[in-house]
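Counting starts at 1 for both ligands and their atoms, following the listed order.
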Amino acid sequence: MTKKDLVFSGVQPTGNLHLGNYLGALKNFVSLQKKKECIYCVVDLHAITIFQKPEELRNNVLETVASFIATGLDPNKSVIFNQSSVSGHSELAWILNCVSKIGWLNRMTQFKDKAGTDKEKASVGLYIYPNLMAADILLYKATHVPVGADQKQHLELARDIAQKFNNDFKCKDFFPIPEPLIPKNISRVMSLRDGTKKMSKSEDSDYSRINLKDSADEISKKIKKAKSDSQVIPDNLKELEGKPEALNLLTIYSEISKISLEKIINEMAGKEYSHLKLRLSELLISEITPVGKEIVKLLEDKSHLTKILKKGKEKASIIAEENLKNIREKVGLI
Ligand code: TRP
């Protein structure tokens, strides 16, 4: 990455962030913050594409900010704000609605998943959600976007939209074509109950996930109960094929311990999964519970969190306004 690089990412304001969010996004955000200019946005406008109770939405935005800070994001280094506080996101989204194509949106698999069987009943917002995501990124002319593997298709759409805008308005290189930064090893943390599904806050069983606010006791119970494999830990990765739950536990262990999967397998080959689980619980407890406690503490002072958002909004608005001025001019809006 070069000096003019700008990192942007958005996180949905779900209360109760879990290990998947932590390993797949938050930790990565913190390490990027050390090297780059970064903007991290809590995407409340994306959240309302599916109905949210207003009071819950407000709390979830604050809880997401608390999780950012508890994980190590520094509001003096990174820009941290909520999407709806900078109106440029909505304005650019409208312009990009007019650049993007229905055919492109019709290919988006996340819409198909989220809309379920009765697509006629999904909100229009849910359908054009990817255009708003493109607006988030392009409003800041971001060059790099850390996202989970599930957002790759949306990012490709953002690249197509940037390209088409630059072509349509004959302004080559106006929008940089944003690059995805997808974590290599751990693009997906899977459910502890079903290794073929992503760890998710919406899965019914709380045993399927480690929440950042879980107590040491809860973490160790959940790991103990997690699905693994009836055989012992194999001595090569190939044998883990078709054993997604076992692979998931090993991958989480690798990610937290920073020891490569190969090395772990070398060390643990022939042992029962209970051995791995014990070590994994210990590591998770020492890494996750302090974060959870900090989240709870930060949530006790909501006005502090609101102040962080306000400061972030001010910084984000400066970049957004400047870029929007040029965008309006390119499009021919007076
Ligand atoms: N759609 C993303 C998700 O659900 C969140 C998001 C919104 C985002 N705008 C973004 C991510 C811009 C990266 C860049 O995870």
Side-chain angles (χ1 to χ4, degrees), residues 5-29 32-33 36-50 52 57 60-61 64-65 67-68 73 78-86 88-93 96-97 100 105 108-115 123 125-162 175-183 186-189 198-202 312 316 319-320 323:
D5 288 347
L6 180 63
V7 172
F8 182 98
S9 195
V11 174
Q12 291 255 11
T14 54
N16 206 5
L17 273 79
H18 54 68
L19 187 66
N21 308 116
Y22 179 76
L23 292 178
L26 299 181
K27 271 189 100 171
N28 199 16
F29 290 178
L32 283 164
Q33 163 186 266
K36 294 287 150 204
E37 209 179 306
C38 298
I39 304 179
Y40 297 120
C41 178
V42 184
V43 292
D44 47 7
L45 295 174
H46 277 107
I48 61 169
T49 56
I50 292 172
Q52 305 288 322
L57 177 62
N60 288 346
V61 169
T64 307
V65 180
S67 308
F68 281 0
L73 284 184
S78 299
V79 178
I80 295 170
F81 74 110
N82 61 313
Q83 188 183 28
S84 63
S85 71
V86 177
H89 290 257
S90 307
E91 189 177 342
L92 182 55
L96 298 185
N97 282 339
S100 181
L105 287 180
M108 297 294 118
T109 56
Q110 186 174 297
F111 174 75
K112 292 178 194 158
D113 293 345
K114 283 201 182 173
S123 75
L126 187 66
Y127 181 62
I128 57 174
Y129 171 120
N131 292 345
L132 175 60
M133 178 162 158
D136 297 339
I137 299 166
L138 300 181
L139 184 59
Y140 301 93
K141 296 191 171 185
T143 56
H144 293 81
V145 183
V147 279
D150 63 321
Q151 294 299 312
K152 195 163 167 243
Q153 193 186 32
H154 288 164
L155 203 77
E156 273 155 16
L157 180 87
R159 290 165 61 87
D160 288 342
I161 292 176
F175 284 129
I177 311 302
E179 293 287 337
L181 298 174
I182 298 176
I186 193 110
S187 53
R188 280 165 205 254
V189 176
K198 244 178 83 163
M199 185 176 283
S200 154
K201 135 178 170 126
S202 50
I319 314 175
N323 287 338

Asks: Roughly how far, to the nearest 0.5 Å, is the CG atom of Asn21 from the CZ atom of Phe29?
Replies: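 It is 9.5 Å, given to the nearest 0.5 Å.
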Asks: Does NZ in Lys112 sit with more than 12 non-hydrogen atoms of other residues, nucleotides or ligands closer than 6.0 Å?
Replies: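 Enclosed.
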Asks: When you measure from the side chain of Asn28 to the backbone of Ala25, do you find a donor-acceptor pair of N or O atoms at a distance under 3.5 Å?
Replies: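 Between the backbone of Ala25 and the side chain of Asn28 there is no qualifying donor-acceptor contact (under 3.5 Å).
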Asks: So, does Gln153 use its side chain to make a donor-acceptor pair with the main chain of Gln151 at under 3.5 Å?
Replies: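 Looks like no, no N/O pair under 3.5 Å.
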Asks: For the residue pair His89 and Tyr140, categorise the inter-ring angle as parallel (less than 30°), tilted (30 to 60°) or perpendicular (more than 60°).
Replies: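 Correct class here is tilted.
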Asks: What residues come within 4.0 Å of ligand 1, counting heavy atoms only?
Replies: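 Near ligand 1, by chain and number: Phe8, Ser9, Gly10, Gln12, Val43, His46, Tyr129, Met133, Asp136, Ile137, Val145, Val147, Gln151.
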Asks: Using a 3.5 Å distance criterion without hydrogens, assess whether the side chain of Asn60 forms a donor-acceptor pair with backbone atoms of Gly15.
Replies: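 Yes.
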